[in-house]
**Q** 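Provided herewith is a single structure, encoded as structure tokens, for subsequent inquiry.
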Amino acid sequence: MSTVLIVVALVAVLAIVVAAVLYAGPGRGGGRRGLKRRFGPEYDLALTRHDGDTKAAARELNERVKRHGDLKPQPLANETRELYLAQWAGLQERFVDSPVKAVAEADQLLARLAAERGFPEAAQYEEQLAALSVHHAEHVGGYRRVHRATRGQSSTEELREAMVESRALFEALVHARPEDPLAHRAGAVERGRRGHLLKPKGSGA
């Protein structure tokens with residue numbers, strides 16, 4: 001085979017490889033790395049749910065992207081945002097005396113807030129969770145944990161941990177523009193307070 005033909009063949013093979021990589025893209029086509037990069041801990045949960053079957057996990061996650069990837073979260077009016085922030089602060093205060101009730105109310109508040117941002121309604125919990133996992137994969141675990149804590153026997157410490165973990169999703173949903181430095185600063189202040197607020201009376205801290 002002549003040198004020219006060899007070069008042409010190599011160029012053709014290289015073009016096919018590049019095209020395949022570009023088509024797959026991050027999180028597209030069910031690629032393990034792309035899905036893991038996009039979904040993070042949600043990928044591991046899907047893998048566990050399917051007993052380690054990577055193809056089944058990929059199908060599930062790609063289906064979520066297909067159903068909810070084009071969802072455009074709706075912004076909140078300033079007044080609505082302030083109301084949610086006040087409600088969450090109240091839940092943190094009430095946790096000290098009534099952790100079970102506070103966590104149940106946090107579950108309901110997150111569901112309402114997600115629906116107001118344009119995600120599926122609270123009555124469709126599994127679908128709402130799936131949609132949130134596409135857009136807030138790193139934080140949706142806190143919502144799942146709070147939801148489960150209200151439906152089982154959980155210790156006060158487990159309830160506290162669920163409440164704290166769910167705060168990340170609340171912050172992501174409540175701020176229309178999370179990249180706003182003022183929003184981050186407000187979130188930092190709340191995070192500094194929440195450890196104290198959520199400690200049961202008599203903890204000595």
Side-chain angles (χ1 to χ4, degrees), residues 12-77 80-81 84 88 103-104 106-152 162-163 165-180 183-184 187:
V13 170
L14 181 60
I16 292 172
V17 171
V18 170
V21 171
L22 290 176
Y23 175 77
R28 187 173 179 180
R32 179 181 180 278
R33 291 182 180 178
L35 286 170
K36 190 169 181 62
R37 185 162 53 247
R38 176 167 191 165
F39 283 95
E42 285 294 301
Y43 176 86
D44 296 327
L45 284 174
L47 199 60
T48 300
R49 191 158 46 246
H50 292 285
D51 299 321
D53 187 336
T54 56
K55 291 184 178 180
R59 281 196 299 271
E60 177 187 330
L61 297 177
N62 278 316
E63 180 59 29
R64 293 190 202 178
V65 175
K66 182 179 179 181
R67 294 199 311 273
H68 305 295
D70 293 333
L71 185 151
K72 303 296 182 185
Q74 301 300 308
L76 294 174
T80 304
R81 183 181 304 108
Y84 275 112
W88 189 272
V103 168
D107 177 44
Q108 296 167 8
L109 188 149
L110 284 170
R112 290 197 308 273
L113 175 57
E116 190 146 7
R117 290 301 311 274
F119 291 91
E121 292 295 323
Q124 302 171 299
Y125 169 72
E126 292 297 339
E127 199 65 12
Q128 188 182 68
L129 193 71
L132 286 168
S133 75
V134 172
H135 296 270
H136 299 285
E138 293 298 321
H139 306 315
V140 73
Y143 180 27
R144 182 186 288 111
R145 188 170 182 180
V146 157
H147 190 76
R148 289 177 177 173
T150 65
R151 285 153 177 78
M163 189 84 170
E165 188 178 346
S166 67
R167 173 74 193 194
L169 179 62
F170 173 78
E171 289 183 344
L173 289 173
V174 80
H175 295 299
R177 295 186 299 170
E179 73 279 4
D180 184 345
H184 279 304

**Q** According to ring-ring contact (aromatic ring centres under 6.0 Å, His included), who are the partners of H68, at least two apart in sequence or on a separate chain?
**A** none
**Q** Any idea which heavy atoms bring A130 and S133 closest together, and the distance?
**A** O-OG, 2.6 Å
**Q** Less than 4.5 Å apart, any side-chain heavy atom of Q128 and any of E121?
**A** no
**Q** With sequence neighbours excluded, give me every salt bridge (charged side-chain N to carboxylate O under 4.0 Å, His left out) pair touching residues 142-152.
**A** E42-R144, D107-R151, R145-E161, R145-E165
**Q** Mind running side-chain contact (heavy atoms from CB on, under 4.5 Å) on F39 and V140 for me, showing each step along the way?
**A** CA-CA 10 Å; F39 283 95; V140 73; over 6 Å; no
**Q** Evaluate the side-chain proximity of E63 to K66: yes if any heavy-atom separation is below 4.5 Å, no if none is.
**A** yes
**Q** Roughly how far apart are W88 CH2 and M163 CE, rounded to 0.5 Å?
**A** 5.0 Å
**Q** With rounding to the nearest 0.5 Å, note down the distance linking OG1 in T54 to CG in L61.
**A** 11.0 Å
**Q** Once side chain to side chain contact (heavy atoms under 4.5 Å, CB included) is applied, do any residues pair with A104, and if so which ones, sequence neighbours excluded?
**A** T150
**Q** Would you please name every residue forming a side-chain hydrogen bond (donor to acceptor under 3.5 Å, both in side chains) with R49, sequence neighbours left out?
**A** E60
**Q** Is there a side-chain contact between L132 and L173 (heavy atoms, below 4.5 Å)?
**A** yes
**Q** Can you confirm if the aromatic rings of Y143 and H136 lie within a centre distance of less than 6.0 Å?
**A** no
**Q** How would you list all residue pairs meeting salt bridge (charged side-chain N to carboxylate O under 4.0 Å, His left out) that involve residues 123-143, not counting sequence neighbours?
**A** R67-E127
**Q** Grab the two heavy atoms, one from V146 and one from A106, that are nearest each other, plus how far apart they are.
**A** CG1-C, 4.3 Å
**Q** Just jot down the ring-ring contact (aromatic ring centres under 6.0 Å, His included) partners of H139, sequence neighbours excluded, or say none.
**A** none
**Q** Please round to the nearest 0.5 Å and tell me the distance separating atom CZ of R117 and atom OG1 of T80.
**A** 11.0 Å
**Q** Going from NZ on K55 to CG on N62, what distance comes out if it is rounded to the nearest 0.5 angstrom?
**A** 13.5 Å
**Q** Within the 4.5 Å heavy-atom criterion, are R38 and V134 side-chain neighbours or not?
**A** yes
**Q** Do E116 side-chain atoms and L76 backbone N/O form a donor-acceptor pair below 3.5 Å?
**A** no
**Q** Could you tell me how the ring of H147 sits relative to the ring of Y125: parallel (under 30°), tilted (30 to 60°) or perpendicular (over 60°)?
**A** parallel
